[in-house]
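Step one of this worksheet: look at the structure below.
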2 protein chains.
Amino acid sequence: MRNAFAMSITSQETTVRLEDQVCFALYAAARTAQQAYRPLLDELGLTYPQYLVLLVLWEQDGQTVSALGDRLHLDSGTLSPLLRRLDEHGLITRERQSTDARRVSVHLTAAGDDLRSRAAEVQRCLEGAVPLPPEDLLSLRDLSRRFAGSDA
Amino acid sequence: MRNAFAMSITSQETTVRLEDQVCFALYAAARTAQQAYRPLLDELGLTYPQYLVLLVLWEQDGQTVSALGDRLHLDSGTLSPLLRRLDEHGLITRERQSTDARRVSVHLTAAGDDLRSRAAEVQRCLEGAVPLPPEDLLSLRDLSRRFAGSDA
DNA sequence: GGCGAAAGCATTGCGCACGATTCAATTGTG
DNA sequence: CACAATTGAATCGTGCGCAATGCTTTCGCC
């Protein structure tokens, strides 16, 4: 609103600066985070979204596709091919539920379960690499959650 | 290391909870931000990264591909096809510099410049839609910048 | 001037994200 | 029971993101 008058004069006036934008900062920070994970996850043959799926399955095995999607805020259009690749890599299996043949439950294989301890090492490697003090990380996490959780 | 013993008993012990992770919070928040922009940018025929490129060009026209990449933290593998689509949509033109034929400078067309005022409207629509108080948004932006800026 | 190294950009390949659509299976309703 | 509506997952098309590769151009250095 504040530049309403200036905007009416010439299009040169509406300077929306990139660096002022919260959304761009989030966009850049999220990609920075994934880049930090990449070299470590490469050794496990995982992408970051695949790692997140395993994280959810390690918490509780045998969840449905839509349950995974609820946790990760992803739909079947993203998860189905991702799960197919995890299946092809031998980390999970998928099977239609007998009680409701619409649902597909996702289960870890032994190989998928074995990655858990190696993934814990990934976490330890990254904890030391973050340049922000712990209290700022907590603030960043909580603010991000509130930002994202608002639409849920 | 703290769960090394427990880990040797059963793999159930290394619980890295998804919701505790800063990186997942950033990942989810960044996608939430893009989803907030999407319906508004759809009316302009833009994606969010395309909008960011135009934002940079509205600040200063005629920048090179690598200059845009520096601002947005994107490489030519991402920008080249994105710029080609903006070109095909008639919003920008690209031309090799005569002084240095390696460089390609990107210029707004009249149509690209006209989008500027409509984009300002997008900003105003979103400002009211964000559920966080302004001071929290500033905190989120600055923490995100520090998180991302550390690797620069 | 010649020539190897580096810069700048384009292309390719793969894996997300997401809207839209499709399809089977289930649920709800009369 | 019939049948319309809904649900759950898969598929498709488009557009990022990014590593790897290739190619032209420029620069550095002799």
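Values below: every heavy atom of this structure, side chains too, minus hydrogens, waters and symmetry copies.
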Requested in this report: Give the rounded distance in Å between these two atoms: CD of Q63(A) and P of dA9(D).
Outcome: 11 Å
Query - R38(B) CZ - dT14(D) P separation (whole Å) - result: 15 Å
Requested in this report: Examine dA9(D): is either OP1 or OP2 under 4.0 Å from a nitrogen or oxygen in the side chain of S66(A)? Give yes or no.
Outcome: yes
Query raised in the report: Is it true that R84(A) and D87(A) make a salt bridge, defined as a side-chain N closer than 4.0 Å to a carboxylate O?
Result: no
Report task. Salt-bridge test for R145(B) and D142(B): reply yes if a basic N is under 4.0 Å from a carboxylate O, no otherwise. Result -> yes
Query raised in the report: Can you tell me how far P of dC18(D) sits from OH of Y48(A), to the nearest Å?
Result: 14 Å
Query raised in the report: Within this structure, what is the CZ-to-P distance between R85(A) and dT11(D), rounded to whole angstrom?
Result: 12 Å
Report summary line: Among the nucleotides dA9(D), dG15(D), dC18(D), whichever has the atom closest to the side chain of V104(A) is dA9(D)
Query - Rounded interatomic separation in angstrom, taking CG from L26(A) and P from dG17(D) - result: 14 Å
Query raised in the report: Would you say Y48(A)'s side chain and F24(B)'s backbone share a donor-acceptor pair under 3.5 angstrom?
Result: yes
Query raised in the report: Sub-3.5 Å donor-acceptor pair from the side chain of Q50(A) to the main-chain atoms of L82(A), do we have one?
Result: no
Query raised in the report: Base, sugar-phosphate, or nothing for L82(B), non-hydrogen atoms under 4.0 angstrom?
Result: sugar-phosphate
Requested in this report: Rounded off to whole Å, could you give me the CD-to-C1' distance for the Q50(B) and dC16(D) pair?
Outcome: 9 Å
Query raised in the report: What is the 5' to 3' range of DNA chain C, first to last nucleotide, that sits under 4.0 Å from any heavy atom of chain A?
Result: dG15(C) to dT26(C)
Query raised in the report: Counting any heavy atom closer than 4.0 Å, what does R84(B) reach on the DNA or RNA strands: base, sugar-phosphate only, or nothing?
Result: nothing
Requested in this report: Let me know, please, whether R96(A) or P49(B) comes out on the 5' side of the other along DNA chain D by nearest nucleotide.
Outcome: R96(A)
Report task. Work out which heavy atom in Q34(A) is nearest to a heavy atom in P49(A); give both atom names and the distance. Result -> OE1-CD, 4.4 Å
Query raised in the report: Once you round to the nearest 0.5 Å, how far does CG of L79(B) lie from OG of S66(B)?
Result: 9.5 Å
Query raised in the report: Below 4.0 angstrom from OP1 or OP2 of dC16(D), is there any side-chain N or O of Q34(A)?
Result: no
Report task. Output yes when E121(A) and R124(A) qualify as a salt bridge under the 4.0 Å nitrogen-oxygen rule, no when they do not. Result -> yes
Query raised in the report: Quick one: L86(A) CG to dA9(D) P, roughly how many Å, whole number?
Result: 16 Å
Report task. Name the nucleic acid region contacted by S80(A), choosing base, sugar-phosphate or nothing; use a 4.0 angstrom heavy-atom cut-off, strictly under. Result -> base
**Report entry** Gap separating the CG atom of L57(A) from the CD1 atom of I92(A), nearest 0.5 angstrom
**Finding:** 7.0 Å
Query raised in the report: With a 4.0 Å cut-off on heavy atoms, is T78(A) in touch with a base, just the backbone sugar-phosphate, or nothing at all?
Result: base
**Report entry** Residue of the set R94(A), Q63(A), Q97(A) for which side-chain contact (heavy atoms from CB on, under 4.5 Å) holds with V104(A)
**Finding:** R94(A)
Report summary line: Per-nucleotide protein contact along nucleotides 20-27 of chain D, 5' to 3', at a 4.0 Å heavy-atom cut-off (B base, S sugar-phosphate only, - neither), is -----BS-
Query raised in the report: Under 4.0 Å between a Lys/Arg side-chain N and an Asp/Glu carboxylate O for E19(B) and R71(A)?
Result: yes
Requested in this report: Round to a whole Å and report the spacing from CG of L83(B) to C1' of dC16(D).
Outcome: 13 Å
